[in-house]
Amino acid sequence: STVATLSVNQGLSNSRIRSVVADQNGGVWLTTPDGLNRWNNGQVTILKVAHKREGAFVPNSLFQDRTGRIWVSTLFEFGYLDNYRFVSISSVPGVVTAMAQDAANALWVANEHAGLFQVSGDRVVQQIPWSSFGHNDHVSTMAADPKGGLWLGFFLGGVVYYRDGQIQASYSTAAGLTSGRVGDIQLEQDRALWIATEGGLSRLKNG
């Protein structure tokens, strides 16, 4: 099979890619140290994003919600794109480690230091410190459950199922979960979970 390669030779502003998101229109958004790029129909466009902060716009992570809005984090800010203008939500600091949209369409944003934020429109609905989940570290990845709630994977290991303002279940190495930082969580159609950690791969059969 043929593998297509994208680099500066194909028009990328920088070959160091930090985050990739496939959008609803068939394009692919990529963040680089030199800004935001979009690949579509075989062509790369380097996007000029207007923002208020001095210096270059350096995106770190991306997420597209069900309305099509692109959410972006940098080392200093979090917000969204409005016709290629960056709209900052000042109450959510930078250093975002994960984003997800739950079954009720609520957007959840994990910040390394400040905790888990629920965002609606342009405002923060609630902020939950990491200590509320029984952890001294932060979430490294998360996934929305199609029947409601969030699965949270932690930097130092462990997975929590959070729904309706409460921890519904918690898993660690004592329950058979592989050890180390949780890098990814994927749900199958029967709601079984595949959990990738530094120590290996686990499968959790979830009701």
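The side-chain heavy atoms of Asn105 and Arg66, taken from C-beta on, include a pair separated by under 4.5 Å. Leu177 places a side-chain heavy atom less than 4.5 Å from the side chain of Ile195. Between His135 and Phe155, every side-chain heavy-atom pair lies at or beyond the 4.5 Å cut-off. Considering only heavy atoms from C-beta on, Leu30 comes within 4.5 Å of Trp39 through its side chain. Side chains of Gln10 and Gln43 form no contact here, defined as non-hydrogen atoms less than 4.5 Å apart. Counting heavy atoms from C-beta on, the side chains of Ile17 and Leu12 come closer than 4.5 Å. Two residues are said to be in side-chain contact when any heavy atoms from C-beta on lie closer than 4.5 Å; Val21 and Val28 fail this criterion. The side-chain heavy atoms of Ile46 and Arg38, taken from C-beta on, include no pair separated by under 4.5 Å.
We find that Asp145 and Arg191 are joined by a salt bridge, their nearest charged nitrogen and carboxylate oxygen being less than 4.0 Å apart. Note on Arg163 versus Asp102: no salt bridge recorded, every NZ/NE/NH1/NH2 to OD/OE distance being 4.0 Å or above.
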Requested in this report: Please lay out, stage by stage, how Asp190 and Lys205 fare under the test salt bridge (charged side-chain N to carboxylate O under 4.0 Å, His left out).
Outcome: CA-CA 9 Å; Asp190 62 357; Lys205 182 64 175 177; 3.0 Å; yes

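Between Ser19 and Ser61, the side chains place no donor N or O within less than 3.5 Å of an acceptor N or O (distance only, hydrogens not considered). Of the N and O atoms on the side chains of Trp71 and Gln64, not one donor lies less than 3.5 Å from an acceptor on the other residue. Side-chain N/O atoms of Asp65 and Tyr80 include no donor and acceptor closer than 3.5 Å. In the model, Ser7 has no side-chain atom that pairs as donor or acceptor with a side-chain atom of Ser15 under 3.5 Å. A donor-acceptor contact closer than 3.5 angstrom is absent between the side chains of Thr74 and Asn60. Judged purely by distance below 3.5 Å, without hydrogens or angles, the side chains of Thr173 and Ser179 never pair a donor atom with an acceptor atom.
Qualifying salt bridge (charged side-chain N to carboxylate O under 4.0 Å, His left out) partners for Arg18, counting only residues two or more places apart in sequence or in other chains: none.
Taking hydrophobic clusters as Ile, Leu, Val, Met, Phe, Trp and Tyr residues chained together by side-chain heavy-atom distances below 4.5 Å, Val49 shares a cluster with Trp29.
If you chain together ILVMFWY residues whose side-chain heavy atoms come under 4.5 Å of each other, Met142 ends up grouped with Trp108, Leu116, Ile128, Trp130, Phe133, Val139, Leu150, Leu152, Phe154, Val160, Tyr162, Ile167.
Note that CZ of Arg123 and CD of Gln118 are 9.0 Å apart. Values are rounded to the nearest 0.5 Å.
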Could you list the donor-acceptor pairs under 3.5 angstrom formed by side chains in residues 81-90, with sequence neighbours left out?
unit_1 : atom_1 : unit_2 : atom_2 : d
Asp82  : OD2    : Arg85  : NH2    : 3.3

